[in-house]
There are 2 protein chains.
Amino acid sequence: MVSVILLKPLYQGNIGSVTRAMKNFGFNELLIVGAEIEDEARKMGMHAQDILDGAKLFDTLEDAVKSFDLIIGTTSYESGKDDKFLKMNFTPTELKEKLEQVSGKTALIFGPEDSGLSNDELSRCDMTVSIPTAEEYRSMNLSHAVAVLLYELSGLEGKREARLASRKELDIMRNNIEEISELSGHTEKEKLFNEMVGKILGRSMITGREASTLIGFLKKIKGELKK
Amino acid sequence: MVSVILLKPLYQGNIGSVTRAMKNFGFNELLIVGAEIEDEARKMGMHAQDILDGAKLFDTLEDAVKSFDLIIGTTSYESGKDDKFLKMNFTPTELKEKLEQVSGKTALIFGPEDSGLSNDELSRCDMTVSIPTAEEYRSMNLSHAVAVLLYELSGLEGKREARLASRKELDIMRNNIEEISELSGHTEKEKLFNEMVGKILGRSMITGREASTLIGFLKKIKGELKK
């Protein structure tokens, strides 16, 4: 369970946008330090009003993090950063791997839009995370940073609906193509050609249904060539 | 090289936020279909004014995608989505793996904020990608979606290896297959079959070299069938 803490956010619109991103990725607990929730946040929050309703407001970061087992600070990506305070600065992917190994109430803290978390605030976190950005422009929009991190931390696996063609169906296709190749007198570099066909079929993500249509088609060609 | 195409974006602020996310992850080419760039976009674009300056404006999606070898549509994540041509819907991670295998001018298309890309627009893409979101609230903010996808695809440059078959080479293959289908008397559901073939070719990431071998093969079959 990961909660989002916004420390002194400057813009109400961003508070709303953050809750929308939270809702998109299935995160529900928001804590805000040093700001209220106003109309603009409600407007940008769209269908995440329940998160805004349930948000907990604090005066200090210290109070906000009290109930958490693991505190993670976010900071912009700077490879040259003096890492006295940042010894455990992870990428989002690394952070995900870390969190998979542990359980416990976890807070992900985002600093103000203009300055981010201070070195002092970062040093009090258990670990820090940075989204790798282009050197030319490291500073991310607050809600973009939240969206990227929660995307990475969401445990949703991509699910494919369609059944992929089986290995056997792919083999039937490949064999048919090889036969057609022979029947048509296309003998040039036979082995390489067959390997290439196998590779293309393998990566084409052909579905079961498509496979049966294609097999019908290939058999038809074969029939014609044999005449 | 991946370019971002915004199709009929409704809100100027989003155009600006999108360019900021592009800049964060090192992507520079923006194409906009059916909208202008106004002050609010400039304001939200922050330090990405060069992307806005260089943005190309088009009246139709068809014109915008003309120069691309690989066209990827984005759509919100719905496991129940029921279009037989949309079943090859990738997660951002899967898309990255696909793109690492090939090079070629690639377009990533985002639809309007309220409705997204239509099924018709999606069916004309070579492949589609969805960010896995929570069932409770699938609809992402446009610039959040761009940020998450470009975060996932960043670091791609330099990794892409083989040249992708050009749009023209794919067309030649498709036309040849259609002719072979006709010559072989495979008339069953012709239109659907041809669409299916186009779709499979689009997502098969066939390289230029493979295309020329396959075209030779198809011509050989055609020649034999004509005898």
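Small disclaimer: the values here were computed from a predicted structure and weren't measured. Labels below follow one simple rule: chain letters A, B, ... track the order of the sequence lines, proteins then strands, and each chain is numbered from 1.
Between the NZ atom in A:Lys168 and the CD1 atom in A:Ile172 there is a gap of 5.5 Å [rounded to 0.5 Å].
For residues 41-50 of chain A, the interface with chain B (any heavy-atom pair closer than 4.5 Å) comprises A:Met46, A:His47, A:Asp50, sorted by residue number. Residue-level contacts of residues 213-227 of chain B with chain A, in order of numbering, are B:Thr213, B:Leu214, B:Gly216, B:Phe217, B:Lys220, B:Ile221, B:Glu224, B:Leu225; threshold 4.5 Å between heavy atoms.
The part of B:Tyr151 that comes within reach of chain A is its side chain, from C-beta onward, which places non-hydrogen atoms under 4.5 angstrom from that chain. With a 4.5 Å cut-off on non-hydrogen atoms, A:Phe193 touches chain B through its side chain but not through its backbone. Heavy atoms closer than 4.5 Å to chain A are found nowhere in B:Ser130, neither backbone nor side chain. The parts of A:Ile177 that come within reach of chain B are both its backbone and its side chain, each placing non-hydrogen atoms under 4.5 angstrom from that chain. Within the 4.5 angstrom heavy-atom criterion, only side-chain atoms of A:Glu152, from C-beta onward, approach chain B.
Between the A:Glu113 side chain and the A:Tyr11 main chain, a donor and an acceptor come within less than 3.5 Å of each other. A donor-acceptor pair is defined here as one N or O able to donate and one able to accept, closer than 3.5 Å; such a pair exists between the side chain of A:Arg20 and the backbone of B:Ser139. Without hydrogens or angle criteria, A:Asn24 side chain to B:Thr133 main chain gives no donor-acceptor distance under 3.5 Å. Under a 3.5 Å cut-off, the side chain of B:Asn141 and the backbone N or O of A:Ala21 do not form any donor-acceptor pair. Side chain of B:Glu40 to backbone of B:Gln12: no donor-acceptor contact under 3.5 angstrom is found.
Between the side chains of B:Ser17 and A:His144, not a single donor N or O lies within less than 3.5 Å of an accepting N or O.
A heavy-atom distance below 4.5 Å is not found between the side chains of B:Phe27 and B:Ser3. A 4.5 Å side-chain heavy-atom check between A:Thr128 and A:Phe90 finds every atom pair outside the cut-off. By the 4.5 Å heavy-atom criterion applied to side chains, A:Val148 and A:Val146 are not counted as neighbours.
Salt-bridge check for A:Lys191 with A:Glu195: passed, with a basic side-chain N closer than 4.0 Å to an acidic carboxylate O.
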Worked check of side chain to side chain contact (heavy atoms under 4.5 Å, CB included) between B:Phe110 and B:Leu117: CA-CA 7 Å; B:Phe110 296 84; B:Leu117 294 175; over 6 Å; no
